[in-house]
Number of protein chains: 2
Amino acid sequence: MRTVTLDDVARRAGVSRATASRALNGSNRTVGAALRESVERAAAELGYEPNLPAQALARSAGNVVGLVVHDLADPYFAVIADAVTRAADRRGLVVMVGATGRDPEREIAYVAALRAQRVRAVLLVGSRTTGTSRRLRDEVDRYRGTGGRVACVGQDLLGVPTVAPANHEGARALAHALAGLGHRRFAILGGPPELITARERTSGFRDGLAEQGLPEPVVVAGAFDRDGGHAAAASLDLSAVSCLFAVNDVMAVGAVAALRERGIDVPGTLAVAGFDDIPSLRDLVPALTTVRLPLADMGERALELALDETAVSVQVPAEVILRDSTRRD
Amino acid sequence: MRTVTLDDVARRAGVSRATASRALNGSNRTVGAALRESVERAAAELGYEPNLPAQALARSAGNVVGLVVHDLADPYFAVIADAVTRAADRRGLVVMVGATGRDPEREIAYVAALRAQRVRAVLLVGSRTTGTSRRLRDEVDRYRGTGGRVACVGQDLLGVPTVAPANHEGARALAHALAGLGHRRFAILGGPPELITARERTSGFRDGLAEQGLPEPVVVAGAFDRDGGHAAAASLDLSAVSCLFAVNDVMAVGAVAALRERGIDVPGTLAVAGFDDIPSLRDLVPALTTVRLPLADMGERALELALDETAVSVQVPAEVILRDSTRRD
DNA sequence: CTGTTAGCGCGTTCAC
DNA sequence: GTGAACGCGCTAACAG
């Protein structure tokens, strides 16, 4: 059973390929009812499915968008990717994904790969980094130069419309809220210094503390994932600290686990807060105080930004959610 | 800045398009060192990137594989999708994803869409359902008829190589282990009856109990997600039950949350077990007793099965992991 | 080794 | 309204 082409359909319907094309796929030109009917029947009988890449080649306009994330297994990206996928589906688009494993080089490689695939748009999801972004930017510009649309979720550093979470503001508000709970000495699990998201959250939190006239927090670097949070919390001198802020929820989860192993009660002895409000982590005990980001919305918005010619960057608000992990009895 | 084609490169290098093609993209024919050099230089200067869809059209063999999951935001699928993505990347393939939202119709639609995209292979990840699979199977067969490769993760019901988790065996072993802990009266949060995975786990667990000479468990249906577990556990008469088995981890998490709201201590008053051993849920408190599936491996294997001409279905073992959520003091 | 000639599957002028 | 050409970007025979 060979793959059936438009020619096969045309032949079977006794019309020219042009007519078959007009009948099956839209066109400004119209087709006689009788012929259209028989073309459609022939197509159905043969199980014809248009060759979309070929169609895209002829039209020079395809229906696939690219999505590049750091780590699909990380619930932060999973939720966003899911939203992007659904939103794309609603618009008749299909999504190509790539996971970089947080390697900036692979992010660049993916943009090139997606350009090679002639995707209509590329979504770059995840924190920008301080370092090599120059080459990424070149690659992005090259892609845009060919008519490709780009948007990102993170920081507006590539000159493309981006969905920027209020990292600084959210962390700052969190600091105020925690200070309001009576905490005075803080430690921050700050993640990797080269991740701008990590920096923004760290500095926002510090600013909030400073505004409250509170002492400088201890800041410790580490990986941006669960194990990073675990490692950082495992080796930290907590003697003078009453509250720990991990710059994202999965790190916070790792931290809580490490504290438990050290016999430190949360929130009894030490309060812990995170950032993101990952949905699948909401049933954690103690429930994690965090800063909520509308993850799914962010994914949808990013797709809109990429597709809309007139789009500009937007900030999405972050909302402090106080839960049990910072409760003071 | 128009999109640069192979012709542009050829012209700039002063060679024919064929030569440029042979120099840049592999071919069995070889090219003179001098010409190859100048072609490569021209390509670099122009920032040439081959048009992969066009290339695929000419070669009639592309480098994209399709991946269809139920819900990308569900960590079960997220972990598998991540593994597939990475494995694909290693082989120079790119992945197109679709999330069906557990709607069998959309699964069928995705297979058709991926056929239209002329992807080299399609991976169907997730439990098969009892109902409409006939039309799915037709669609799959049509795709395979055109040379497309298919594999799935779940049950071997479509006549394609599949990675089948040992749902029955795993649940059965879990029942034995829990009985060994002294539990005698069980309830099962069985998920949706039309999901075969849910059925397999339920029946495996029942079989295990029967082998131990234990009474029939109470079985309650519900959604296959966190809220399903929550709802089921919230409205269940637990008076005579000492252990709850949720057919997957996310349901178990929802159940534990519901029990907490009802003031029921886990595992003190009621033990709870799940299935899957989702990595991001391992830090839950109490730590969830579960049945571990090698999720990432399963994703990789599925890709291998789809690509390998001689592949046959494989069962992947499931391992009982006893943790605190079923501890008896 | 290299250039020329055909397609791959489809959309789109252009005439009829 | 409908069909005959040509082109999208690239690879694969076929000749030199």
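Naming: A, B, ... by sequence-line order, numbering from 1 per chain. Computed from a predicted model, the values in this text were never measured in an experiment.
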So, using salt bridge (charged side-chain N to carboxylate O under 4.0 Å, His left out) as the criterion, who are the partners of B:E49 when residues are at least two apart?
A:R115
With sequence neighbours left out, what residues match B:R59 under salt bridge (charged side-chain N to carboxylate O under 4.0 Å, His left out)?
none
Quiz: residues 33-41 of chain B side-chain donor-acceptor pairs under 3.5 angstrom, not counting sequence neighbours:
{"from": "B:R36", "atom 1": "NH2", "to": "B:A23", "atom 2": "O", "distance (Å)": "3.1"}
{"from": "B:S38", "atom 1": "OG", "to": "B:L35", "atom 2": "O", "distance (Å)": "2.9"}

Scoring nucleotides 7-16 of chain C by protein non-hydrogen atoms under 4.0 Å (B base, S sugar-phosphate only, - none) yields BBBBBBB---
Partners meeting side-chain hydrogen bond (donor to acceptor under 3.5 Å, both in side chains) with [X] (sequence neighbours left out):
{"X": "A:T85", "result": "none"}
{"X": "A:D156", "result": "A:S313"}
{"X": "A:Q315", "result": "none"}
{"X": "B:R106", "result": "A:D89"}

Which is the 5'-most and which the 3'-most nucleotide of DNA chain D that has an atom under 4.0 Å from a heavy atom of chain B?
D:dG9 to D:dA13
Going by salt bridge (Lys or Arg N to Asp or Glu O under 4.0 Å), name the pairs with one or both residues in residues 13-26 of chain A, residues two or more places apart or in two chains.
A:D7-A:R17
Describe, as an angle rounded to 10 degrees, how the axis at the first end of the helix from C:dC1-D:dG16 to C:dC16-D:dG1 is tilted relative to the axis at the last end, five pairs per end.
40°
Please collect all ring pair (Phe, Tyr, Trp, His ring centres under 6.0 Å) contacts where either partner lies in residues 46-75 of chain A, sequence neighbours excluded, each pair once.
A:H70-A:F77
Evaluate the side-chain proximity of A:I196 to A:L157: yes if any heavy-atom separation is below 4.5 Å, no if none is.
yes
